Every structure is written in C-alpha cells, then in structure tokens.
Protein chains: 4
Amino acid sequence: MVGGGQGAFIGAVHRMAARLDGAFTLVAGALSSAPDRARASGAELGLDPARTYTSFEEMAKREARRKDGIEAVAIVTPNHLHAEPAMAFLRRGIHVICDKPLTATMAEARQLARAAEKSGALFILTHNYTGYPMVRQARAMVAAGDIGQLRLVQVEYAQDWLTERVEATGSRQAEWRTDPARSGQGGALGDIGTHAFNLAAFVTGEDPAALSADLSSFVPGRPLDDNAHILLRYASGARGMLWASQVAPGNENGLRLRVYGDRGGLEWSQEEPNRLWFTPFGEQKRLITRGGAGVLAPAARVTRVPAGHPEGYLEAFATLYLEAARAIHARQAATGTGTGTGTGTGPDPAVTYPTLDDGLKGMRFIAAAVASSKRNAAWVSL
Amino acid sequence: MVGGGQGAFIGAVHRMAARLDGAFTLVAGALSSAPDRARASGAELGLDPARTYTSFEEMAKREARRKDGIEAVAIVTPNHLHAEPAMAFLRRGIHVICDKPLTATMAEARQLARAAEKSGALFILTHNYTGYPMVRQARAMVAAGDIGQLRLVQVEYAQDWLTERVEATGSRQAEWRTDPARSGQGGALGDIGTHAFNLAAFVTGEDPAALSADLSSFVPGRPLDDNAHILLRYASGARGMLWASQVAPGNENGLRLRVYGDRGGLEWSQEEPNRLWFTPFGEQKRLITRGGAGVLAPAARVTRVPAGHPEGYLEAFATLYLEAARAIHARQAATGTGTGTGTGTGPDPAVTYPTLDDGLKGMRFIAAAVASSKRNAAWVSL
Amino acid sequence: MVGGGQGAFIGAVHRMAARLDGAFTLVAGALSSAPDRARASGAELGLDPARTYTSFEEMAKREARRKDGIEAVAIVTPNHLHAEPAMAFLRRGIHVICDKPLTATMAEARQLARAAEKSGALFILTHNYTGYPMVRQARAMVAAGDIGQLRLVQVEYAQDWLTERVEATGSRQAEWRTDPARSGQGGALGDIGTHAFNLAAFVTGEDPAALSADLSSFVPGRPLDDNAHILLRYASGARGMLWASQVAPGNENGLRLRVYGDRGGLEWSQEEPNRLWFTPFGEQKRLITRGGAGVLAPAARVTRVPAGHPEGYLEAFATLYLEAARAIHARQAATGTGTGTGTGTGPDPAVTYPTLDDGLKGMRFIAAAVASSKRNAAWVSL
Amino acid sequence: MVGGGQGAFIGAVHRMAARLDGAFTLVAGALSSAPDRARASGAELGLDPARTYTSFEEMAKREARRKDGIEAVAIVTPNHLHAEPAMAFLRRGIHVICDKPLTATMAEARQLARAAEKSGALFILTHNYTGYPMVRQARAMVAAGDIGQLRLVQVEYAQDWLTERVEATGSRQAEWRTDPARSGQGGALGDIGTHAFNLAAFVTGEDPAALSADLSSFVPGRPLDDNAHILLRYASGARGMLWASQVAPGNENGLRLRVYGDRGGLEWSQEEPNRLWFTPFGEQKRLITRGGAGVLAPAARVTRVPAGHPEGYLEAFATLYLEAARAIHARQAATGTGTGTGTGTGPDPAVTYPTLDDGLKGMRFIAAAVASSKRNAAWVSL
C-alpha cells in the first residue's frame with residue numbers, strides 16, 4: 001500500500017476491503033512520505049519493518065526484486081500522488097489498484113495511460129460504487145433492454161461536509177480536497193462528481209457526448225468548486241443532469257441515480273444500496289432486493305449474504321478487490337507467473353472493474369466541466 | 001365556472017376544492033363551448049338551467065346584471081381560453097380564480113394584466129401546491145432564516161403519463177397539452193415546469209435572474225417539449241436546477257423541492273405532502289409533520305385535521321379557494337359590496353395566494369426557457 | 001347534525017366530509033346540549049335559527065314533521081350520547097350516520113340494534129378508514145385470493161397524545177375519552193382499538209373467534225386503558241396480534257395493517273394511505289398506488305384524483321358519506337320517498353359502508369378484551 | 001472453526017466477520033463431521049492439512065498441545081452440536097465464539113454453563129445484531145434516560161423463507177431448522193425469536209418477568225413452530241409484544257425494535273441499520289445516523305466508515321469478533337498468556353458482547369414460550 005498512514009481515511013477502507021474476502025494480505029507499505037509516520041503506521045499494522053518503506057520508489061524497486069514480493073499495490077494517496085507511484089509499480093510488472101480520480105492533471109493521466117499500455121500489469125481504478133450488487137443489477141437490466149431506449153439520466157452526489165470552511169480549521173481530508181495543487185482543477189467535481197459520472201456510464205453503457213457546466217464555490221476563500229450543476233447530452237439523443245455538491249446540508253453520501261427509457265425506469269440510492277426500484281411503464285413499481293427475486297447473474301455473483309441482511313459500502317469496495325484478485329489470477333495463469341493459488345484459472349468474462357480507460361474518461365469530464373464553466377456553461381464535447 | 005364540463009378533469013377538482021370548506025356554492029356555469037355538453041353538464045351538476053350558459057361572454061353579461069349574480073368565477077379551460085373569459089369577468093367586477101399557466105401567449109398575458117389592473121376585482125391563480133401546509137411551513141422557515149443564506153435550489157416535477165404518444169390515441173388531456181395552439185409554446189414546461197418554478201419562488205422568496213434550458217421532445221411527432229432540463233442563477237448568487245418531465249416512467253406527480261442555505265436545508269415532496277425534512281447543518285435531521293411540533297402560524301392556519309391524518313391534494317387546492325374567499329370578503333368589506341357574510345372584515349395579512357404577477361413570472365419563465373433552448377441553452381435573463 | 005358544536009373536533013371533520021362530494025347539505029343541528037353554545041354554533045355555521053335545536057329529541061320530532069325535513073342525521077357526540085339520539089331519529093325514519101364505537105355500553109348497543117331493525121331507515125357507522133381506496137383494494141385482493149389462505153393478521157394503531165395526563169390539564173378531547181362514564185369501558189381500546197379491529201375484519205373478511213388481551217393504564221390516575229396488547233385466533237386457523245396505544249411517543253395516527261397468507265402478503269399504513277404493498281411469495285415486492293396500475297374496481301370507484309396526487313383522511317371520510325348518500329338514494333328510489341334527485345335508482349351492490357352489525361362486533365370486541373384482561377389475559381370468545 | 005464446511009451458510013459469514021478487522025486468522029478447523037467434506041473444505045480455505053481435523057474432539061486436543069495452537073474457536077454448527085464442542089475447548093482453556101441459540105436443550109445449556117464457569121476461557125455468543133452501531137446507540141440512549149421510564153417494547157423478527165415446505169425439497173438450511181432433534185424445541189422461536197428477545201433486552205436493559213405465547217406451525221407436517229405471537233410483562237411494569245415469523249411473505253430479515261418510555265421513543269430496523277429514529281415526546285422526530293450528529297461513544301467506537309456510507313450485517317457481525325479479540329487480549333494481558341500482540345493491555349469496560357448468561361436467558365425464553373403455548377398461552381415466569 002502506498003499512502004494510508006495514520007490520520008488517513010481511505011487507506012483503512014482499502015485495507016478492510018482487501019481483507020474481507022481473504023483475497024489479499026497486506027505485507028508491505030510506503031504508508032507516508034514522512035519517514036516517522038511511515039514507520040509508526042507500518043508497526044501499527046504489524047508490517048515487517050524490512051518491508052515498511054519511506055518512499056514508493058524504494059518500495060517498488062525492492063519488492064520487485066524479492067522472490068516473495070508483492071503482486072499488487074494499492075495507491076491511496078491524494079490525487080497528485082497517483083501517477084508517479086502507479087508508473088513506478090507498473091514499470092516493474094506489479095499490478096496497481098488505484099484510488100480515483102485517476103490523477104491531478106490531464107498530462108499525468110496521459111503519461112500514466114502510456115505507462116499502463118506498455119506494462120504487462122493490470123490497473124484497477126476504485127470507482128467503488130460499481131461494486132454494489134444492485135448497481136450491477138441495474139447495468140444488467142439496462143443491457144437487457146428492460147428500460148428500452150435510454151432517454152434520461154438524472155444523477156447526483158450530494159454531501160454537506162464542506163458547508164463551512166473546515167479546510168481552514170484543521171480537517172486534513174478537507175485541506176487537500178480543496179487545494180488545486182493536490183486535487184487538480186476539480187473540487188466536488190473531481191472528488192464525487194467523477195463517481196456520479198462513472199456510475200451513470202457504468203449503468204447505462206453510454207458516455208455523454210457533450211456537457212454544459214455551471215460550477216460554484218459557495219464558501220468564501222475556497223479555490224475549487226464545491227457545487228457542480230451539469231447538463232449532459234448523449235450521441236443517442238438521451239439527455240441528462242448531473243449534480244455534485246459538498247455544501248448541501250443534510251446530505252451525507254447522497255449518490256443517487258435515476259435512468260429512464262421509453263419502456264421503463266430504474267432508481268438506486270447509495271444510502272439504501274440493497275434496493276433497486278424498477279418501474280416498467282404502465283405497470284406497478286417493483287422493488288428488487290439484493291439476493292431477492294429477479295436478481296440477475298452479474299448481481300448474484302457479487303452477493304455475499306442473503307436478502308434482508310444489508311451489505312454496505314465496505315462490501316461493495318471489497319468486490320472491486322475480489323474482482324482485482326480474480327483478474328490477477330487469470331493473468332498469472334495465462335502468463336505462468338504469480339504465487340497465487342487462486343481459483344481463477346482463465347479469464348472470466350464476468351469479472352468487471354473500472355479501468356484506466358474509465359479514469360481517462362473521468363479526467364476528460366473534469367477538464368470539460370471546468371472549461372465549460374469558464375465559458376459561461378457553453379457546451380463542451382467529451 | 002367556465003369550462004369543466006363532462007370529460008374534463010381539473011373542473012371537478014376545482015368544484016371539490018371550492019366545496020370542501022363551504023366557502024363557495026356553484027350556481028352558474030359556461031361549462032363547455034359545445035351547447036349540448038354545456039347543458040348536460042349543468043344538469044348533471046344540478047345548476048339552474050337559466051344559469052347554464054353556452055358562452056362565457058353571455059354568462060359574464062347576465063350574471064353581472066343579476067342581483068344574486070356570482071361573486072367569483074373559476075376558469076378551468078385549456079390555456080388558450082384563459083385570457084378572454086378572465087377579461088370578460090374582470091371587466092364586470094367579478095373576481096376571477098384561474099387555472100395556470102396564466103395564458104397561452106405572452107401577448108394575452110400582458111393584455112390580461114392590464115385588464116386586471118383596471119378592474120376592482122381580484123385575480124387568483126391556482127398554483128395549488130402553494131396551498132400545502134408544509135409548503136407554507138418551508139416558506140416561513142426560509143423567511144425566518146432557518147436555512148441561512150440561500151445557496152441551492154433543486155426542484156423537479158416528474159411524471160410519466162406522456163411516455164408514449166397517448167395524444168394520438170384519444171386522450172383528451174394529452175391532446176390539448178401537446179398542442180401549441182391550445183397550450184402555448186411550453187409542453188411539460190408550461191404544464192408542470194411552471195408549478196416547479198412557482199413552488200421554488202414561493203418557498204425561497206427569490207426569483208431567478210437567468211436560466212439556461214435544454215428542452216426535448218422525446219416522443220416522435222410531439223411538437224412541444226416533454227422534458228425540460230434547466231439551470232438557474234439568482235441575483236443573490238444562489239444557483240439551481242429545475243427538471244420537468246412527462247416521460248419519466250414510475251413518476252406519478254413527483255414534484256419535489258430541496259433548498260439549501262449556508263445553515264441548513266429543507267426537503268419536501270408532493271407525494272408525501274404532510275412531511276417536511278429540516279436539516280440544520282451539523283445537527284440531526286428533523287421530520288416536521290403537518291400539525292406536529294414546531295409548526296409555524298402560516299402552516300397552522302391552513303391545517304384542517306390533526307397530525308397523522310393525512311391531508312392531500314384536494315385540501316391544498318381548497319386552501320386556495322379559502323384564501324380567495326377570505327380575500328374577496330375583505331375586499332367586499334372594504335368596498336361595502338358583496339352578499340357574503342364572511343368572517344373576514346378587513347384585509348388579513350396572512351391571506352396568501354398566487355396572483356396575476358406570479359402568472360406573468362410563469363409566462364416569462366416559459367418564454368425564456370424556449371428562447372434559451374433554441375439558442376443551444378444559452379443564458380437568458382428573466 | 002347532533003353534536004359537533006364549538007370546541008368539538010370530529011364534528012368539523014364530518015361536515016367537511018359531507019360537503020366534499022356535494023351529496024349533503026347541512027340544514028339543521030342540535031350542536032350542543034348547552035343551549036347557548038348550540039345557538040352560537042348554529043349561527044357560525046349559517047344554520048336557520050328555526051332549525052338550530054337545543055336537544056336532539058326536539059330536533060328529531062320537528063324535522064320529522066317538516067316537509068323539507070332532514071333525510072339523514074350525523075351523530076358526532078361522545079360515545080354515551082350515541083344510542084338515544086340514534087334511536088330518536090331511527091324511530092322517525094330518518095337515516096343515521098353515527099360515529100364509532102357504537103355506544104358506551106353493550107346494553108345500549110343491543111337496544112339500538114333492536115331500534116334499527118324495526119326502523120326502515122339506514123344506519124351507517126363511520127369506521128372511516130374503510131373509505132380509503134387502498135384499503136378497499138386490499139379487501140378486494142384478499143377476496144380474489146391474491147394472498148391465498150389467510151394465516152397472519154398484524155394490526156396496530158399507535159398514537160402518543162395521551163403519553164402525559166392531558167385529561168387533567170384541560171384537553172376536552174382527552175377528558176371524555178378517559179372517562180368511563182362517557183367512553184364506556186374501553187380507553188385506547190374503544191377509541192382506536194375498534195378501528196384496528198374493524199380494519200382487519202374489513203380487509204380479511206374474517207372475524208376472530210377469540211382473543212387474549214393485556215390492557216394497561218400507564219398514566220397514573222387514568223381509569224381506562226391507554227395501551228392494549230391483544231392476541232387473536234380465527235376459526236380458519238389464522239392468528240393475529242392487535243396493538244392499540246395512545247402512549248407511544250412519535251406515533252401520530254399509526255394505523256397499520258399487515259396480512260399474510262400462504263401465497264402472499266399485503267401491507268398498508270394510514271399515514272401513507274395512497275400506497276399498498278403487495279408481496280406475492282417468491283416474487284418482487286410491488287407497490288400499488290391509488291389510481292395506478294392494477295387497481296381493482298372497488299378501489300377505482302372511490303378514487304377522485306389521479307395517481308400521485310395524494311388523497312387523505314377527509315377524502316376517505318367523505319367516501320363513507322358518499323356511500324351513505326348512494327344507499328339512501330337507492331332506498332328512497334325503492335320506497336318512493338325522499339326529496340333527493342340522486343343518480344342511484346336502485347341498490348348498487350358495490351356500495352360499501354360499515355353497518356350496525358360492525359358496531360355490535362366492535363362492542364363485543366371491547367367487552368371481550370376487558371373481560372380477558374381482568375382474567376389475566378385468558379382467552380375469551382367473540 | 002467447528003462446522004462451516006462446504007454447503008453451510010453461517011460459517012462463511014463468521015469467516016468474513018473474523019477477517020474484516022484483521023483481528024483473527026483462520027488456521028485450523030473441524031469443518032464437517034464428514035471426513036471427506038472436512039478435508040475438502042479445509043483445502044478450499046487454504047488450511048494446513050495437518051490442522052484440518054475431522055472431529056472437534058481431536059481438534060481441541062491437538063490444538064491445545066501445539067505451541068502455536070488456536071487462541072479461540074468459532075462454533076458454527078447446528079444447535080445440537082454447540083454444547084459438546086464448546087465444552088471440549090473450554091476445558092482446555094481455548095476461548096469459544098459460539099452461534100446462537102446456546103444449545104438445543106436446557107440440560108446441555110446448564111452443563112455448558114458449568115463448564116464455562118470452571119474454565120478460564122471466555123465464551124462469546126454471536127447475537128450479532130447487538131453489533132450494529134445504532135443498536136448500541138439505542139442502548140446508550142435508554143441507559144441515559146432519553147426515553148424516560150420504559151413502558152412498551154414492540155419487537156418483531158419476520159421472515160418469509162419457510163412460507164412453503166422447503167425442508168421437504170432439499171433445503172439444508174431449512175431441514176435442520178425445522179428438525180427438533182437438531183434445533184431443539186423452538187422453530188422460528190429459537191432461530192430468530194431469540195434474536196428479537198435478546199435485542200430487546202440489550203437495548204432496554206430489562207428482562208421480561210413473564211410471557212404468554214401462542215405458537216403456530218402453519219405449514220402442514222412441520223413439527224416446530226413457524227410463527228410465534230408472544231406477550232411480555234416486565235417487573236418494572238413495562239409491557240411488550242414479540243412477533244417472530246418465518247411465514248410472512250415479503251419479509252426478508254425484518255428485525256425491528258420499537259421502545260417507548262414516558263418521555264420518548266426509539267425505533268430501529270435491521271434492514272435500514274444505519275438509522276435510528278428518536279422521538280422525544282412533544283418534539284420533532286429526529287433521525288440519528290451512524291457516524292452523524294449526536295452519536296454517543298458506545299456507537300462511535302464500533303463505527304468504521306463515515307456517515308452515509310452504509311455499514312451492514314457483516315460489519316455488525318465483525319464487531320462481535322473485534323470485541324471478542326479485545327476481551328481475549330485483555331484476558332491474556334491479565335494472565336500473561338497468549339501470543340497476541342493486541343493493543344488491549346487491560347480490561348476495557350466499553351467492550352460489549354453477548355455472554356453465556358445471555359444464552360441461558362435465550363434458552364429459558366424458548367422453554368417458557370413452548371410451555372406457555374402448550375398451556376393455551378398461560379403466563380409463564382422467566
């Protein structure tokens with residue numbers, strides 16, 4: 001793991017997600033760029049001091065040389081520290097599981113894309129909401145034609161934790177997320193807007209062709225947007241609205257997707273993730289529950305416990321780790337490498353995870369939205 | 001009543017609303033422009049045949065001459081038949097209760113405005129959702145500063161009944177609503193978008209300064225929009241999104257408003273009208289119920305039954321009739337006219353209803369949205 | 001109307017319900033046993049002073065003699081004042097619409113039953129929750145076999161307004177409801193338990209054969225129960241639980257019914273009355289909405305406005321008045337009496353309302369529950 | 001682990017729960033009494049064949065002798081196979097984490113209790129719902145007096161998976177749960193009724209003094225109850241209702257608790273576990289969210305991810321494992337034993353988990369309910 005030392009948030013999430021299904025064991029880390037914190041964090045997590053590194057470069061180099069070196073690395077640093085570590089590991093054939101958005105700048109994103117292309121290793125981007133079974137159910141239903149021809153995408157991700165200027169009062173999470181040097185040019189846009197954008201694409205199977213964005217920074221002194229109002233147009237003729245906000249009091253992690261076609265609609269909300277509303281036009285509304293009646297194979301294969309026993313955020317996150325493990329095992333089986341004894345002995349077409357390509361799309365989304373907003377919400381192609 | 005004969009929908013709603021609180025009695029009508037249907041409808045409603053008219057002009061003239069002539073008229077015709085009848089009655093000093101949107105064209109709207117100005121009679125526009133107690137509660141809370149400085153308005157009105165081309169298969173309601181000659185230039189925009197627009201203004205006390213609209217007609221052959229995606233900007237710096245759709249399967253009358261300020265938020269949905277969520281920033285969410293704890297005077301005065309006994313659409317509609325009655329009685333008391341024995345003996349500042357001015361704002365909203373959409377969603381001032 | 005003068009609650013509800021559909025006009029009243037209040041109340045409601053009576057006996061006598069005398073009377077007094085007025089009007093052939101429970105004592109109930117049997121007039125008991133369209137939908141679905149053989153009835157009616165001893169601090173509503181002399185031997189049991197009992201029977205079409213009741217008076221000094229825990233057994237083998245409480249903080253009018261058979265279940269809650277959950281075993285849950293897809297004739301015929309526009313408590317109450325009007329017109333048509341010009345020209349088998357027989361069942365329910373509780377929750381036959 | 005081999009359900013849940021927080025590693029198992037399945041299951045889980053046992057007795061003996069022997073064992077067998085394995089490990093000082101209900105018979109339960117008393121090892125019973133943060137919040141609020149003096153307990157656990165006779169058609173889960181030889185004398189009563197009973201006690205801090213139970217077996221040929229209707233009486237004067245059913249179509253894992261005191265109420269539902277309704281009498285309803293405002297220390301200390309990112313069933317289950325680990329470390333620190341390097345260096349009073357005593361209470365609950373039901377729902381002391 002790179003990043004995720006003491007005081008970090010998402011690192012612990014990644015560790016729990018990696019552990020849940022027993023597919024990964026944490027054995028090495030460059031947990032902080034501050035040597036003291038790196039060492040203390042490693043000790044706290046029970047890492048071998050010899051594999052507790054103080055720089056990702058060193059970690060990549062040394063682990064690549066070890067016989068029992070890591071098979072994959074999780075990169076859980078702020079956005080501006082994604083590209084370099086990712087390239088360092090990819091270069092050495094170590095698989096990369098990386099947090100989103102892909103990078104802080106478009107230039108880094110392109111560089112990373114080239115590095116990934118050259119590498120034999122896999123790149124998995126943790127757009128974790130795609131791991132929810134009911135999100136996969138929605139994707140499968142759209143693909144099966146259950147809502148007919150897509151017309152409307154209403155997607156939103158609303159939070160409230162940046163309603164006040166907490167970045168000025170010691171919140172480390174808020175500090176880097178509102179700092180263009182570390183986050184890139186997107187604020188709420190990059191942090192959660194990309195999740196909403198990715199979720200809509202994952203479920204509908206369509207990418208917007210153009211957008212019109214009106215970004216705001218409501219909190220005085222904040223250099224990045226904390227609210228994004230975006231209109232979407234699709235090549236197919238579908239239209240959409242995307243709202244991302246971190247200043248909407250009462251919203252915790254209000255990621256919500258509604259899609260409508262000419263035959264029906266689907267509604268899903270992250271805060272009630274085990275439920276999916278299906279509304280075939282002219283019929284009664286149906287509530288599809290995780291593990292319940294009518295669940296399709298892509299949802300069933302990522303379900304752990306029976307209907308009515310809620311699975312949550314960590315399980316969805318863990319699903320991406322499990323998919324990563326399956327993909328890695330398949331790759332190893334194909335190339336004859338790896339120490340894994342995984343069950344995957346060949347590429348499984350059902351294995352699904354966000355890729356570098358999804359990361360590039362997210363970066364183009366951020367860039368287009370910023371450009372549009374600067375031009376008074378003019379339409380910008382994606 | 002003008003309009004509302006056999007086969008009509010909203011006429012019956014107006015009659016129930018007028019009856020509920022006993023403030024009005026239906027005594028005369030020009031219920032249809034088709035003489036046979038006018039007479040049959042009048043008979044069905046138990047009207048005196050002598051007061052069952054076949055034209056609004058005749059009705060206005062004769063009722064104005066009667067000693068026991070009507071005090072007010074309800075105009076419940078399609079949009080293109082609002083202005084002329086309204087002017088006919090206003091000219092004769094008869095109060096007008098008129099359905100929305102104000103008229104089919106801006107020219108008519110201006111003409112009507114001038115007629116109303118000259119008349120001593122009142123004009124009440126039935127933006128009926130403003131009659132819900134919890135909408136009035138929201139308005140009072142915003143005015144009291146409970147959410148602080150307004151930042152965000154997320155308003156939507158989603159339906160699904162025009163998902164297919166029902167106007168081609170005999171639905172009278174759909175026919176005129178998708179016909180520019182009868183509806184004016186707004187489809188979903190005029191029919192329900194104006195309700196959403198009015199509701200947001202009613203609650204926030206702010207009118208947007210500009211909008212950017214992307215209108216669509218998803219159903220082939222439909223000349224008016226059936227979906228409207230609109231961005232809003234307010235002079236105060238607030239921003240908003242408005243979505244109106246009649247092609248979103250699974251939505252019946254999904255009018256929903258969420259407003260956020262720098263201190264808190266409010267959420268209300270028409271399909272659960274007795275509940276209002278209040279989310280002061282950093283505190284627990286609170287559910288305010290009609291008739292329950294913390295209800296302010298403007299909500300309490302339009303509440304009929306105790307908390308937990310749901311009031312609905314007809315009650316909210318009836319509240320506008322009751323407000324109209326109160327305003328009319330106050331006007332009569334002030335001018336010494338009228339046969340009413342109402343309790344209102346002076347103007348009551350609490351009496352609240354949408355006026356001709358709100359109607360003009362709605363018309364400007366439609367015109368601006370259509371203009372914006374034609375110019376590729378450019379910003380248009382309101 | 002008998003009762004319902006100034007300061008009363010349910011009288012105003014009856015008046016609104018009677019007015020909504022235009023089927024009744026209030027023309028006479030014995031609104032209070034206090035002459036001054038009776039007269040003031042009559043004036044406030046615009047009644048002819050000649051028909052504003054100070055005793056129900058006088059009203060019955062005089063109205064029966066008038067050519068334009070009332071066709072029906074609404075009795076909205078406390079329970080101990082139901083039987084005598086009802087008998088006075090029934091005796092004179094005037095139809096009676098009476099609030100529930102039927103009477104304060106079993107003896108009165110039996111006497112009233114005999115009076116009703118002898119009279120040619122109708123008796124309608126306002127178990128108003130049976131007027132909700134989705135309750136009628138549930139009843140029709142059970143009758144159609146949609147849930148299969150009935151197994152379980154879980155019904156509850158929870159309120160919180162008697163959590164503290166408000167009867168000691170001036171609440172007139174609380175005073176008589178906690179006074180055995182005026183309420184009879186049931187507290188929460190009679191006031192709301194009978195509604196729950198009636199609702200379950202209305203929907204399932206089955207009456208319990210026996211019950212076991214544990215009644216409590218949690219508030220010190222309260223002579224009647226404020227909480228009732230009851231087990232039910234049906235002759236068919238079905239079992240049930242009934243909970244009625246007026247001391248459950250947070251519950252406003254939480255009347256909720258769940259019934260389960262060997263093929264499916266139904267769930268309905270009075271606070272969201274426009275929705276009915278249908279859960280066929282092994283299939284997805286379906287949300288049936290008033291006016292929406294799959295609504296059966298018995299629900300459709302009591303529906304006023306389209307799906308998504310909520311109807312509430314007053315509409316359900318009004319439905320009983322409308323049914324009463326239809327039944328009265330049919331009776332008049334059959335007997336050649338009456339001044340009505342109603343559309344009903346013959347008995348309509350779809351007309352449905354609670355009768356004296358339902359009132360007797362409610363009285364037996366109260367008596368059995370009190371007897372059971374006194375015998376330590378022993379089973380008592382119904 | 002004892003039990004939990006191929007084809008089992010709850011074993012996999014225990015393993016995920018044990019892994020999530022990294023507090024336990026699975027190193028040995030007697031996963032099935034069928035030698036082949038035991039070995040295959042062990043291999044699948046990557047266990048050392050030398051520590052893959054075919055009997056719990058052998059496992060207990062050998063592991064106790066190893067220097068690196070297990071510190072704790074998880075017993076996840078059907079009810080009739082809890083007592084003997086538990087005693088085998090307790091006797092050797094190995095801590096026991098055991099599924100509920102405690103045993104199949106009261107005799108076994110008492111025997112196990114004596115064994116536990118003599119042993120220095122800990123016994124943790126996985127009443128897993130007590131691990132939900134909002135359940136701990138509810139418990140803390142009741143203890144803090146937030147609802148005042150307890151009056152009412154309404155608790156239910158409704159499922160539908162035994163609506164039909166699936167035990168006759170190959171469902172292994174259904175087979176043993178409906179078999180008195182393996183389950184004991186409780187059907188739904190033991191399987192889920194004990195959870196409901198335990199949850200109510202955990203939150204309220206009170207145990208009922210007596211119960212009256214009406215048990216049913218609705219499905220023909222089923223020897224154990226599939227529905228339990230139970231009335232509760234508390235020494236404090238509080239009263240309760242408990243409903244457990246496995247034949248209520250549409251209910252997946254509908255564990256729901258409502259408690260009411262003289263000052264307020266609390267409501268929690270397992271299917272929306274991150275939310276807790278708090279209803280102080282006379283005030284607005286408040287929605288307390290996991291990780292949100294007003295969360296007390298006992299809830300906060302078992303929370304992993306921020307508000308709005310749902311935690312579910314596995315997290316709650318994992319919390320019991322984490323509490324077990326903390327308790328074991330504390331015990332080891334106190335006694336100077338153990339190989340653990342845990343952070344707990346002394347007994348932490350905040351550590352909370354269900355104990356053998358809770359198991360005994362559950363067994364008495366089952367026995368009392370069965371006895372009461374046999375005596376026509378007579379009151380039986382607990």
Side-chain angles (χ1 to χ4, degrees), chain A residues 147-154 156 158 160-161 163-164 210 212-216 218-220 226-233 237-243 245 247-252 254 258-267 277-286 376-379, chain B residues 147-154 156 158 160-161 163-164 210 212-216 218-220 226-233 237-243 245 247-252 254 258-267 277-286 376-379:
Chain A
I147 65 164
Q149 171 75 29
L150 182 70
R151 286 175 173 172
L152 291 169
V153 174
Q154 304 290 127
E156 62 186 49
D160 68 3
W161 67 295
T163 292
E164 297 182 351
S212 153
D214 196 25
L215 307 183
S216 312
F218 282 108
V219 173
D226 47 26
N227 189 81
H229 280 164
I230 301 180
L231 302 182
L232 304 171
R233 287 183 182 163
R239 303 282 171 105
M241 275 183 146
L242 185 153
W243 174 44
S245 185
V247 294
N251 290 279
E252 295 179 340
R258 295 176 287 177
V259 295
Y260 302 104
D262 61 5
R263 292 185 42 208
L266 288 167
E267 301 192 14
W277 281 102
F278 174 42
T279 54
F281 179 63
E283 297 180 27
Q284 291 163 2
K285 279 192 171 196
R286 301 180 198 166
N376 201 23
W379 289 97
Chain B
I147 66 163
Q149 171 76 29
L150 182 70
R151 284 175 174 172
L152 291 168
V153 175
Q154 304 291 125
E156 63 187 47
D160 68 4
W161 68 295
T163 292
E164 297 182 351
S212 151
D214 197 24
L215 307 183
S216 312
F218 281 107
V219 173
D226 48 27
N227 189 82
H229 281 166
I230 302 180
L231 302 182
L232 304 170
R233 288 183 181 162
R239 302 280 171 106
M241 271 183 151
L242 184 154
W243 174 43
S245 186
V247 293
N251 290 279
E252 295 178 339
R258 297 175 287 178
V259 296
Y260 303 104
D262 61 4
R263 292 184 43 208
L266 287 168
E267 301 191 13
W277 281 102
F278 174 42
T279 55
F281 180 62
E283 298 181 27
Q284 293 162 1
K285 279 192 173 198
R286 300 179 198 167
N376 201 23
W379 290 97

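This is a predicted model, so every value here is computed, not measured. In what follows, chains carry the letters A, B, and so on, assigned in the order in which the sequence lines appear, proteins first and then strands, with residues in each chain numbered from 1. We use all heavy atoms of the structure for the numbers below, so side chains are in, but hydrogens, waters and symmetry mates are not.
With values rounded to the nearest 0.5 angstrom, B:Arg239 atom CZ is found 4.0 Å from A:Asp214 atom CG. Within the model, atoms CH2 of B:Trp161 and CZ of A:Phe281 stand 10.5 Å from one another, a figure rounded to the nearest 0.5 Å. Taking OG of A:Ser245 as the start and CE of B:Met241 as the end, the distance is 10.5 Å to the nearest 0.5 Å.
Of all non-hydrogen atoms in B:Pro249 and A:Gly261, the two that sit nearest each other are CG-O, 3.6 Å. Nearest heavy atoms, B:Arg151 versus A:Thr163: NH1-O, 3.1 Å. The heavy-atom pair separating B:Asn251 from A:Tyr260 by the smallest distance is ND2-OH, 3.1 Å. For the pair A:Leu152 and B:Ala248, the tightest heavy-atom approach, listed with the atom from each and the gap, is CD1-CB, 4.5 Å. In terms of heavy-atom proximity, A:Ala377 sits nearest to B:Arg233 at CB-NH2, 4.5 Å.
Your options are A:Asn227, A:Asp262, A:Val259, A:Leu266, and the one with the most heavy-atom pairs under 4.5 Å with chain B is A:Asn227. Comparing B:Phe218, B:Trp277, B:Phe278 by how many heavy-atom pairs each has under 4.5 Å with chain A, the most go to B:Phe218. Comparing A:Glu283, A:Arg258, A:Glu267 by heavy-atom pairs within less than 4.5 Å of chain B, the highest count is held by A:Arg258. By number of non-hydrogen pairs under 4.5 angstrom with chain A, the leading residue of B:Gly240, B:Ala378, B:Ser212 is B:Gly240. Of the listed residues (B:Gly265, B:Ala158, B:Gly264), the one with the most heavy-atom contacts under 4.5 Å to chain A is B:Gly264.
Taking a cutoff of 4.0 Å between a charged side-chain nitrogen and a carboxylate oxygen, B:Glu252 and A:Lys285 do not qualify as a salt bridge.
Looking at B:Ile230, only its backbone comes within 4.5 Å of chain A, counting heavy atoms on both sides. For chain B, no part of A:Ile147 is nearby; none of its heavy atoms comes within less than 4.5 Å. For B:Asp160, the parts lying near chain A are the backbone and the side chain together; criterion is any non-hydrogen pair under 4.5 Å. Heavy atoms closer than 4.5 Å to chain A are found in the side chain of B:Glu156, but not in its backbone. Heavy atoms of A:Gln154 lying under 4.5 Å from chain B belong exclusively to its side chain.
With hydrogens and angles ignored, the 3.5 Å screen pairs a side-chain donor or acceptor of B:Trp379 with a backbone N or O of A:Asn376.
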